[in-house]
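Working notes, structure below.
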There are 2 protein chains.
Amino acid sequence: MRRAEPETRGEILAAATRRFAATGYRGTSLQDIATEVGCSKATVLYHFANKEALLTELMAPAITELQALDAALTGLTGRAAQQTAADGFVDLAVRFRREIALIRGEFPELLRQPEFAHIQRISERLRDALAGNTDRPAAQVAALVLLAGISETCAEFVDMPDAELRPALLALARRALEPVPEHPTQDKET
Amino acid sequence: MRRAEPETRGEILAAATRRFAATGYRGTSLQDIATEVGCSKATVLYHFANKEALLTELMAPAITELQALDAALTGLTGRAAQQTAADGFVDLAVRFRREIALIRGEFPELLRQPEFAHIQRISERLRDALAGNTDRPAAQVAALVLLAGISETCAEFVDMPDAELRPALLALARRALEPVPEHPTQDKET
DNA sequence: TCAGGGTCTGACCGATCGGTCAGGCATGCT
DNA sequence: AGCATGCCTGACCGATCGGTCAGACCCTGA
């Protein structure tokens, strides 16, 4: 199966995207991807060092922007952190719906691997920000429900237009988030 | 490793619960369970027909109550359906936190198997009820965010006392759910 | 004493997984 | 022509998976 142009790499990426989205990362074998492309499994491993390299390349843009959101969050507290986190996360989730769908359900498990430890930490900071940097259980619960729920919903509604999905999520987040005081922990006002 | 009393079966169930909760259903091998119990893999398969039978036995009580909630939903529409679904689902999610944690993340995949097709249908009806039986995207989005978010949150906060978790989730659900007209489909007013 | 049934096990099976490797083929440079 | 290089492949590897099976062990009842 000789190919005229060296587009194989791109085709592998595209096929991997489809298969990961359909059956998950763990549920997709290199053979599955190779079959969909129409090449051999060895060819897939010629273009990518291993299965994980495929996933990381697919997720790279999303991770970059997630880190940017995390950076934008530093220094913010209370309501400001809450709103920045909510708006920023909804935006990311909507735009990177496909990427979220790729690792659907396998998020907790993938995060446990050391390579993704920093993402784990980012998502924790995101949760704290959404909770307005409060330890109050109700705020933590609301923050986690939103984070997890928005991710899953975006993965589920891959075909809904951005213009419908985004405002619906933003409105929901505004309704759901508990208002918090401006200086939450041990607040004395500066 | 002879055992004095025939408690092996129970020990296997307990070990399976711990392992599934720690590394997921797919991420746990029969050998893992056998090692934790201190018996052979063959013994696990002597007491349970196969791996799936272990899971279904673990999930049976939760599934039964989920079906009961589904039954209580029939005939209800609009606000009544919304509130019954929200209260009922929060209650189930809180009480069966451990069971949710067992299949964490693998829900979509497990649902795809024909044995669990009826649960798939129940969760769809639950989502419709939470949305107040409306097709409006905003309502469907809110319903799915709540369903997925509450499940994940309960699985995450396994150690939070019911008395804290339940009211936090109920308050959140009440805030998050869009009010819907009483007779939603083909509505003209509002 | 012996038979039978419940419990448990090691050895084994076929399938599938991610990954390796030596080599084949086409192309383009020298 | 000869050679290097990029692309691709079949054959193969060790590991692990869920599951099977013949038989060993122990207890009980006749």
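The shown structure was predicted, so the numbers you read here are calculated from the model rather than taken from an experiment. Convention: sequence-line order gives letters A, B, ...; per-chain numbering from 1.
- One finds no side-chain N or O of B/Y46 lying less than 4.0 angstrom from the OP1 or OP2 phosphate oxygen of C/dC8.
- Within the 4.0 angstrom heavy-atom criterion, only backbone atoms of the sugar-phosphate kind lie near B/L30; the bases stay farther away.
- If you measure from atom CD of B/E11 to atom C1' of C/dT7, you get 13 Å, rounded to the nearest angstrom.
- The residue among A/D32 and B/K41 whose nearest nucleotide of DNA chain C lies closer to the 5′ end is B/K41.
- Taking atom NZ on A/K51 and atom P on C/dT20, their separation rounds to 15 Å, with Å as the unit.
- Heavy-atom contacts from other residues, nucleotides or ligands closer than 6.0 Å to CZ of B/R98 number 12 or fewer.
- Nearest to the side chain of B/A42, among D/dT9, C/dT9, C/dG19, sits C/dT9.
- Between B/E57 and B/R9, at least one side-chain nitrogen of the basic residue sits less than 4.0 Å from a carboxylate oxygen of the acidic one, meeting the salt-bridge criterion.
- Rounded to whole Å, the distance from CD on A/Q31 to P on D/dG10 is 10 Å.
- An OP1 or OP2 oxygen of C/dT16 is reached within less than 4.0 angstrom by no side-chain nitrogen or oxygen of A/S29.
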#### Entry: Check against salt bridge (charged side-chain N to carboxylate O under 4.0 Å, His left out), A/R97 and A/E156
CA-CA 9 Å; A/R97 261 178 285 177; A/E156 179 83 16; over 6 Å; no
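- Base contact: B/T43 has a heavy atom under 4.0 Å from a base atom.
- The separation between A/Y25 atom OH and C/dC17 atom C1' is 12 Å, rounded to whole Å.
- For the pair A/I33 CD1 and C/dC17 C1', the interatomic distance rounds to 13 Å; values are reported in whole Å.
- Of all nucleotides listed (C/dT9, D/dT9, D/dG18), C/dT9 comes nearest to the side chain of B/S40.
- Dashed line: the shortest gap from a side-chain N or O of B/H47 to OP1 or OP2 of C/dG6 is not under 4.0 Å.
- To the nearest angstrom, C1' of D/dT20 lies 13 Å from CG of B/N50.
- Of all heavy-atom pairs spanning B/L169 and B/C154, the tightest one is CD1-SG, 3.7 Å.
- By the 6.0 Å and 45° rule, B/K41 does not stack over the aromatic ring of B/Y46.
- Distance CZ (B/R9) to P (C/dG6): 15 Å, rounded to an integer number of Å.
- Phosphate proximity of C/dC8 to B/T8: present, with a side-chain N or O under 4.0 Å from OP1 or OP2.
- The distance between atom CD1 of B/I12 and atom P of C/dT7, rounded to the nearest whole Å, is 11 Å.
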